[in-house]
S.K.: 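Pasting in a structure now, in structure tokens, and then I'll have a few things to ask.
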Amino acid sequence: FIILLAGYPVFSQNYDEAKVPHYTLPDVLKTASGKTIRNEEKWEKLRRPEVLKLFEDHVYGQMPTDYDSIRYALTEDDGADMAGKAVLKQVGITVFRKGNSVQINVVLFIPTQAKKPVPVFLLINNRGKENTDPTRAKKSEFWPAEMLIDSGFAIAAFHVSDLAPDNKDTYMTGVLQKLYPEQLRKDNGMKAIGAWAWGASRVMDYFETDRDIDAKKVIVVGHSRGGKTSLWAAAQDQRFAACVTNCSGNTGAALARRQFGERISRINTTFPHWFSNNYKKYNDKENALPVDQHMLIALIAPRPVYATNASKDLWADPKGTFLALKAAEPVYALYKIQSGLPKDPPGIDKPVIGSHFGYHNREGEHDMTVYDWGNFIRFARKF
Ligand code: GCU
């Protein structure tokens, strides 16, 4: 083991609350020119674009949205899925730019009985494709389609590999080389997580054309690296009605400045293909970042956000996730929205489904389970 590590930087993680350094979060309400934002108009006009640009330039990279055309190839079954409870649509989304194209494959189940158009949960699938099996031969807790259909929601998914392989050597072979090669030459260029979020927006483009789907009620869901992506997608694309970020941890919903569990230096070293080149400047320099992750959540305001953790997943810093939601509250307050969260993190398996924020810390490991989904459904029903 030691031999394997030779030549590589050795990282140490802090899991001790007493060793969390003292830190001051950047003020989400203070503009670059030092003005304090006091209402939603000024937030949307002045500060929100500034914060979005800071995340583009320093963390996730740019989000190009121009393309020449988009085509949808739809295969719809006869409505006999799940014992007649659902219709399965498989959609091939092809996006063209400058003579090149990429294809995103979407699996979508729509409840037969529900009144149309229906709200939909869209999962950014960062795990095996079998998790979103359209044949339902495999039924994974990661995407419990039957449970969502029984609850009256449509459920959709696409796989991240359609946009960018999750691999540091090949990540550029998808949307980056094919549609936006110029991004690869910029220090604030989009990388894999940006490409995955871009894909979520193209699925949103499709939803806007599907009359069975209520495109104003699309909840974007992601787990872990997918949960970092769901936050970035919802921050960028205000058409998403709500965001679920499950165990998203570092550069997801957890505060970087706490330096608890995974740190920026570690994520940038193990996964150099996720974030922009510029983000590498903040290795071991969390306090130099002009943002922290509460500001990413704030970009989603006034839309609802549900964040989760798992008790054994200290790597993703459960407390730092709760504190990031709390630190985003001032932006929701501009819209006269209370988060509904208590002052301190709730206990294990004690979901808080507040006004616009939901949070729970599930007993167990880093994963997304039917326990998590059950709470997302409860949360979605509130809105
Ligand atoms: C690694 C990584 C995390 C990430 C996780 C996952 O543990 O360090 O940042 O969230 O993988 O995607 O499951």
S.K.: Got more than 12 heavy atoms from elsewhere within 6.0 Å of CD, Glu76?
M.R.: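 Count over threshold, so yes.
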S.K.: Checking Arg97 against Glu182 for the salt bridge (Lys or Arg N to Asp or Glu O under 4.0 Å) test, could you report, in this order, the C-alpha distance in whole Å, the side-chain angles of both residues, the deciding distance, and whether it holds?
M.R.: CA-CA 12 Å; Arg97 185 175 187 250; Glu182 63 279 5; 2.9 Å; yes
S.K.: Please give me the minimum heavy-atom distance between Ser311 and Ile348, naming the atom from each residue.
M.R.: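 Minimum heavy-atom contact is CB-CD1, 3.6 Å.
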S.K.: Output all residues satisfying side-chain contact (heavy atoms from CB on, under 4.5 Å) with Lys138, sequence neighbours left out; order by chain, then residue number.
M.R.: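 In terms of side-chain contact (heavy atoms from CB on, under 4.5 Å), with neighbours along the sequence ignored, Lys138 is linked to Glu130, Asp133.
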S.K.: Do the non-hydrogen side-chain atoms of Arg258 and Glu286 ever get within less than 4.5 Å of each other?
M.R.: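 Side-chain contact under 4.5 Å: no.
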S.K.: For the atom pair CD (Glu40) and OH (Tyr335), what is the distance rounded to the nearest 0.5 Å?
M.R.: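 Rounded to the nearest 0.5 Å, the CD-OH separation comes to 5.5 Å.
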S.K.: Would you please name every residue forming a side-chain contact (heavy atoms from CB on, under 4.5 Å) with Lys129, sequence neighbours left out?
M.R.: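 side-chain contact (heavy atoms from CB on, under 4.5 Å) check on Lys129 returns His159, Ser161, Asp162.
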S.K.: What residues, two or more places apart in sequence or in another chain, satisfy side chain to side chain donor-acceptor pair (under 3.5 Å) together with Ser33?
M.R.: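 With sequence neighbours excluded, Ser33 shows a side chain to side chain donor-acceptor pair (under 3.5 Å) to Thr31, given in chain and number order.
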S.K.: Quick check: is Val352 connected to Tyr371 through a chain of hydrophobic side chains (ILVMFWY, heavy atoms under 4.5 Å apart)?
M.R.: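 No, Tyr371 and Val352 fall in different hydrophobic clusters.
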S.K.: For the CG atom of Asn188 and the CG atom of Leu54, what is their distance to the nearest 0.5 Å?
M.R.: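 Interatomic distance, Asn188 CG to Leu54 CG, rounded to 0.5 Å: 11.5 Å.
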S.K.: Could you tell me whether the side chain of Leu325 reaches within less than 4.5 Å of the side chain of Ser339, counting heavy atoms only?
M.R.: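 Counting from C-beta outward, Ser339 and Leu325 never come under 4.5 Å.
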S.K.: Begin from the C-alpha positions of Asp27 and Arg47 and carry the test salt bridge (Lys or Arg N to Asp or Glu O under 4.0 Å) through to its verdict.
M.R.: CA-CA 11 Å; Asp27 187 342; Arg47 183 60 174 155; over 6 Å; no
S.K.: CD1 of Ile124 to NZ of Lys228: how many Å apart, nearest 0.5 Å?
M.R.: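 Here the interatomic distance stands at 12.5 Å.
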S.K.: When hydrophobic residues are tied together by side-chain contacts of less than 4.5 Å, even through go-betweens, does Val120 share a cluster with Ile93?
M.R.: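 Yes.
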S.K.: Taking all heavy atoms of Lys191 and all of Asn277, pick out the closest pair and write down the distance.
M.R.: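 Of all heavy-atom pairs spanning Lys191 and Asn277, the closest is NZ-OD1, 2.8 Å.
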S.K.: Could you measure the distance from the OG1 atom of Thr269 to the CD1 atom of Ile264? Nearest 0.5 Å is fine.
M.R.: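 Reported value, rounded in 0.5 Å steps: 11.0 Å.
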S.K.: Holding to side-chain contact (heavy atoms from CB on, under 4.5 Å), I want the full list of residues that pass it with Ala197, two or more places apart in sequence or in another chain.
M.R.: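 Counting only residues at least two positions away or on another chain, Ala197 forms a side-chain contact (heavy atoms from CB on, under 4.5 Å) with Met63, Thr229, Trp232, Ala233.
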S.K.: Give the cluster check for Leu176 versus Val102: same hydrophobic cluster or not, with ILVMFWY residues linked at side-chain heavy-atom distances below 4.5 Å.
M.R.: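 Yes, Leu176 connects to Val102 through the hydrophobic network.
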S.K.: With sequence neighbours excluded, tell me which residues meet ring-ring contact (aromatic ring centres under 6.0 Å, His included) with Phe207.
M.R.: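 Checked Phe207 against ring-ring contact (aromatic ring centres under 6.0 Å, His included); zero matches.
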S.K.: Under the ring-ring contact (aromatic ring centres under 6.0 Å, His included) test, which residues partner Tyr306, sequence neighbours left out?
M.R.: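 Counting only residues at least two positions away or on another chain, Tyr306 forms a ring-ring contact (aromatic ring centres under 6.0 Å, His included) with His360, Phe376, Phe379.
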S.K.: Taking C-beta and beyond as the side chain, do Gln236 and Thr65 meet within less than 4.5 Å on heavy atoms?
M.R.: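 Side chain of Gln236 against side chain of Thr65, heavy atoms only: no contact under 4.5 Å found.
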S.K.: Sequence neighbours left out, what pairs pass ring pair (Phe, Tyr, Trp, His ring centres under 6.0 Å) with at least one residue falling in residues 64-104?
M.R.: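 Qualifying pairs: Tyr72-Tyr206.
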S.K.: Who are the side chain to side chain donor-acceptor pair (under 3.5 Å) partners of Glu365, not counting sequence neighbours?
M.R.: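 If we apply the side chain to side chain donor-acceptor pair (under 3.5 Å) test to Glu365, skipping adjacent residues, there are no hits.
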S.K.: Identify the heavy atoms of His273 and Asn167 that sit nearest to each other, and give their distance.
M.R.: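 For His273 versus Asn167, the nearest heavy atoms are NE2-N, 3.3 Å.
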S.K.: When Phe109 is tested against each of Leu88, Val87, Thr132 for side-chain contact (heavy atoms from CB on, under 4.5 Å), which residue passes?
M.R.: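 Per the side-chain contact (heavy atoms from CB on, under 4.5 Å) rule, the option paired with Phe109 is Leu88, out of Leu88, Val87, Thr132.
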S.K.: Who are the side chain to side chain donor-acceptor pair (under 3.5 Å) partners of Arg136, not counting sequence neighbours?
M.R.: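 Arg136: side chain to side chain donor-acceptor pair (under 3.5 Å) contacts with Glu146.
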S.K.: Between Phe322 and Pro342, which heavy-atom pair has the shortest distance, and what is it?
M.R.: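 Between these two residues, the closest heavy atoms are CZ-O, 3.2 Å.
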S.K.: Decide side chain to side chain donor-acceptor pair (under 3.5 Å) for Asn309 and Asn361; before the verdict, give the C-alpha distance in whole Å, the side-chain angles of both, and the deciding distance to 0.1 Å.
M.R.: CA-CA 5 Å; Asn309 288 107; Asn361 190 8; 5.7 Å; no
S.K.: Residues in ring-ring contact (aromatic ring centres under 6.0 Å, His included) with Phe121, at least two apart?
M.R.: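 With neighbours one apart ignored, the set is Phe153, Trp373.
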S.K.: Taking C-beta and beyond as the side chain, do Arg202 and Phe158 meet within less than 4.5 Å on heavy atoms?
M.R.: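 Heavy-atom side-chain distance check fails, nothing below 4.5 Å.
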S.K.: Just how far is it from atom OH of Tyr332 to atom CH2 of Trp43, taken to the nearest 0.5 Å?
M.R.: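 Taking OH in Tyr332 and CH2 in Trp43, the distance rounds to 9.5 Å.
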S.K.: Who passes side-chain contact (heavy atoms from CB on, under 4.5 Å) against Asp344, sequence neighbours left out?
M.R.: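 side-chain contact (heavy atoms from CB on, under 4.5 Å) check on Asp344 returns nothing, list empty.
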S.K.: List the atom of Cys247, the atom of Ala316, and the distance in Å for their closest heavy-atom pair.
M.R.: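 Taking Cys247 first and Ala316 second, the nearest heavy atoms are O-CB, 4.3 Å.
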S.K.: Under 4.5 Å between side-chain heavy atoms, hopping through other hydrophobics if needed: is there a path connecting Val95 to Tyr171?
M.R.: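 The answer is yes; both residues are in one hydrophobic cluster.
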S.K.: Heavy atoms only: give me the nearest Gln259-Asn14 pair and the separation to one decimal.
M.R.: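 In this case the closest contact between Gln259 and Asn14 is O-CB, 3.8 Å.
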S.K.: Give, for atom CG of Leu25 and atom CG of Asp292, the distance between the pair rounded to the nearest 0.5 Å.
M.R.: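 Reported value, rounded in 0.5 Å steps: 5.5 Å.
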S.K.: I'd like to check Arg257 versus Pro26 (side-chain heavy atoms, cut-off strictly below 4.5 Å). Are they in contact?
M.R.: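 They are in side-chain contact.
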S.K.: Once side chain to side chain donor-acceptor pair (under 3.5 Å) is applied, do any residues pair with Trp198, and if so which ones, sequence neighbours excluded?
M.R.: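 Scan of Trp198 (side chain to side chain donor-acceptor pair (under 3.5 Å), adjacent residues dropped) gives Tyr180.
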S.K.: Show your working on salt bridge (Lys or Arg N to Asp or Glu O under 4.0 Å) between Glu329 and Lys326 and close with a plain yes or no.
M.R.: CA-CA 5 Å; Glu329 285 175 344; Lys326 292 297 286 178; 3.0 Å; yes
S.K.: Under 4.5 Å between any side-chain heavy atoms of Val221 and Met368, yes or no?
M.R.: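 Yes, at least one pair of side-chain atoms sits under 4.5 Å.
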